[in-house]
2 protein chains.
Amino acid sequence: MPRPSLAVMTAVTRETSLGIRQVSEETGLSIDTLRWYEREGLLPLVERSTDGRRRYPPGALRFIRLVQALRRTGMPVADVRAFIEAGGGELANHAGRLALLERQCAAIEQRLAELRDDLAVVQAKIGSYHHLIAHGLNCEDDVPEDVLDQLRDDGLLAGLLPPAPA
Amino acid sequence: MPRPSLAVMTAVTRETSLGIRQVSEETGLSIDTLRWYEREGLLPLVERSTDGRRRYPPGALRFIRLVQALRRTGMPVADVRAFIEAGGGELANHAGRLALLERQCAAIEQRLAELRDDLAVVQAKIGSYHHLIAHGLNCEDDVPEDVLDQLRDDGLLAGLLPPAPA
DNA sequence: CCTTGCGCTGGAGTGCACTCCAGCTCCTAG
DNA sequence: CTAGGAGCTGGAGTGCACTCCAGCGCAAGG
């Protein structure tokens, strides 16, 4: 049981709060990353126990998951910080934060669409390999020219062989 | 019309082939990136015109789009190279390439799921802001304690305010 | 002829997001 | 008391994927 001594913990941190290791395991972020995020201002509110160790209240966990969602969906660290700090200018209020989130939302949807397209490309390629293998082709095989031409017409050979000779 | 002189082009490259600039514009990859990919072995078959400039046959375009799909879906450059070269060992044949693509396919689907989850997290947060604003809250407002408690119970305040005082 | 523009090469430089490390404190177990 | 283990700090280091650059050649326009 590596649980920290309850004796040294303040009322606030008693029982409910998590150590950095737990948070790391819960979120999948490395301990170093958690500390680095904090230094960089992505995780502003980390309390400490009396011996100086970080204690994360359960709410922090939810907050970290939001940060994680933003990061994983491609928002640069600087923008996440801007969102968190929301210190002045456009982001001084909830409406500003809301706008930022909505922009990110749109970006995510775009990314989803792109990812689906890319998936389709890869799947098409997989289909082309199945096609080739179904024809009994493998790298070293000699292929009859007519079969080859047919495949070429299907656009199945792109990148597999040099283009049709001129 | 910055079209290269047809006089110097070989039979193979006549008319149909593209210059690096066109390819860049078609694919969205920068010219530098195209050259770098080639050096790194992600684009093996680039022909040259008589004056040494790259000429991309139309098939290359399709090929580049596959590479792009793999990269954008998170496959490291080294793995793309492994796929392209398919020089020996596991990847010496179509079945090997197929396996690699299918692994990537699974990875993409996982990424899609993750992205959808992250989208949900962001949308939930957006919802919470709407909720807050619907209650007429903004940063500097003084909020009656009972409203605050209710919101807190809803889990809407994570990251917006310090956690409930002990 | 000269200039302008595109492309070429090899190599150096950049930006981002971590990741690692030395040297320290504190706590607990033996 | 001692040793071991977790966490702390500030700062340096790393890996990846480009991105930029100097110095060059070729070709078309004026």
Undergrad: What is the distance from CZ of A:R81 to C1' of C:dC16, rounded to the nearest Å?
TA: 12 Å
Undergrad: Residues two or more places apart in sequence or in another chain: which of them pass side-chain hydrogen bond (donor to acceptor under 3.5 Å, both in side chains) with B:R72?
TA: A:D118
Undergrad: Roughly how many Å is it from CG in A:D79 to P in C:dG15, rounded to a whole number?
TA: 16 Å
Undergrad: Just the rounded figure in Å: distance from C1' of C:dG7 to CD of B:Q22.
TA: 12 Å
Undergrad: Identify, with sequence neighbours excluded, every residue that meets side-chain contact (heavy atoms from CB on, under 4.5 Å) alongside B:D32.
TA: B:S30, B:R35
Undergrad: Looking at residues at least two apart in the chain, or sitting in another chain, which of them share a side-chain hydrogen bond (donor to acceptor under 3.5 Å, both in side chains) with A:E40?
TA: A:R81
Undergrad: Measure CG/B:D51 against P/C:dC8 and give the value in whole Å, please.
TA: 9 Å
Undergrad: Distance check: side-chain N/O of A:R21 vs OP1/OP2 of D:dG7, anything under 4.0 Å?
TA: yes
Undergrad: Tell me the interatomic distance from B:L34, atom CG, to C:dT9, atom P, rounded to whole angstroms.
TA: 13 Å
Undergrad: Cation over ring, B:R97 on A:Y129, under 6.0 Å and within 45°?
TA: no
Undergrad: Of B:M75 and A:G52, whose closest DNA chain D nucleotide lies nearer the 5' terminus?
TA: A:G52
Undergrad: Verify side chain to side chain contact (heavy atoms under 4.5 Å, CB included) between A:V77 and A:W36, making sure each step is shown before the conclusion.
TA: CA-CA 11 Å; A:V77 164; A:W36 183 75; 4.2 Å; yes
Undergrad: Please list each protein N or O that sits under 3.5 Å from an N or O in nucleotides 2-5 of chain C, with the distance.
TA:
none

Undergrad: Apply side-chain contact (heavy atoms from CB on, under 4.5 Å) to A:R65 and list each qualifying residue two or more places apart in sequence or on a separate chain.
TA: A:E26, A:L61, A:Q68
Undergrad: Decide if atom CD of A:E102 counts as having more than 12 heavy atoms of other residues, nucleotides or ligands within a radius under 6.0 Å.
TA: yes
Undergrad: For B:R71 and D:dC18, is the shortest distance between a side-chain N/O and OP1 or OP2 below 4.0 Å?
TA: yes
Undergrad: Nearest of D:dT19, C:dC8, D:dT9 to any side-chain atom of A:R48?
TA: D:dT9
Undergrad: Can you tell me if B:T33 touches the phosphate of D:dT19, counting only side-chain N or O atoms and a distance under 4.0 Å to OP1 or OP2?
TA: yes
Undergrad: CG of A:L70 versus P of C:dC16: gap in Å, rounded?
TA: 18 Å
Undergrad: Take A:R48 and A:E38 through the salt bridge (charged side-chain N to carboxylate O under 4.0 Å, His left out) test and state the conclusion after the steps.
TA: CA-CA 13 Å; A:R48 302 303 179 102; A:E38 192 182 336; 3.5 Å; yes
Undergrad: Starting at atom CG of A:D32, determine the distance to atom P of C:dA22, rounded to an integer number of angstrom.
TA: 13 Å
Undergrad: With a 4.5 Å limit on heavy-atom distance, are the side chains of B:V80 and B:Y37 in contact?
TA: no
Undergrad: Give, ordered by number, those residues of residues 35-42 of chain B having at least one heavy-atom distance below 4.0 Å to an atom of DNA chain D; if nothing qualifies, reply none.
TA: B:W36, B:Y37
Undergrad: In this structure, how many angstroms lie between the P atom of C:dC6 and the CD1 atom of B:I31, rounded?
TA: 9 Å
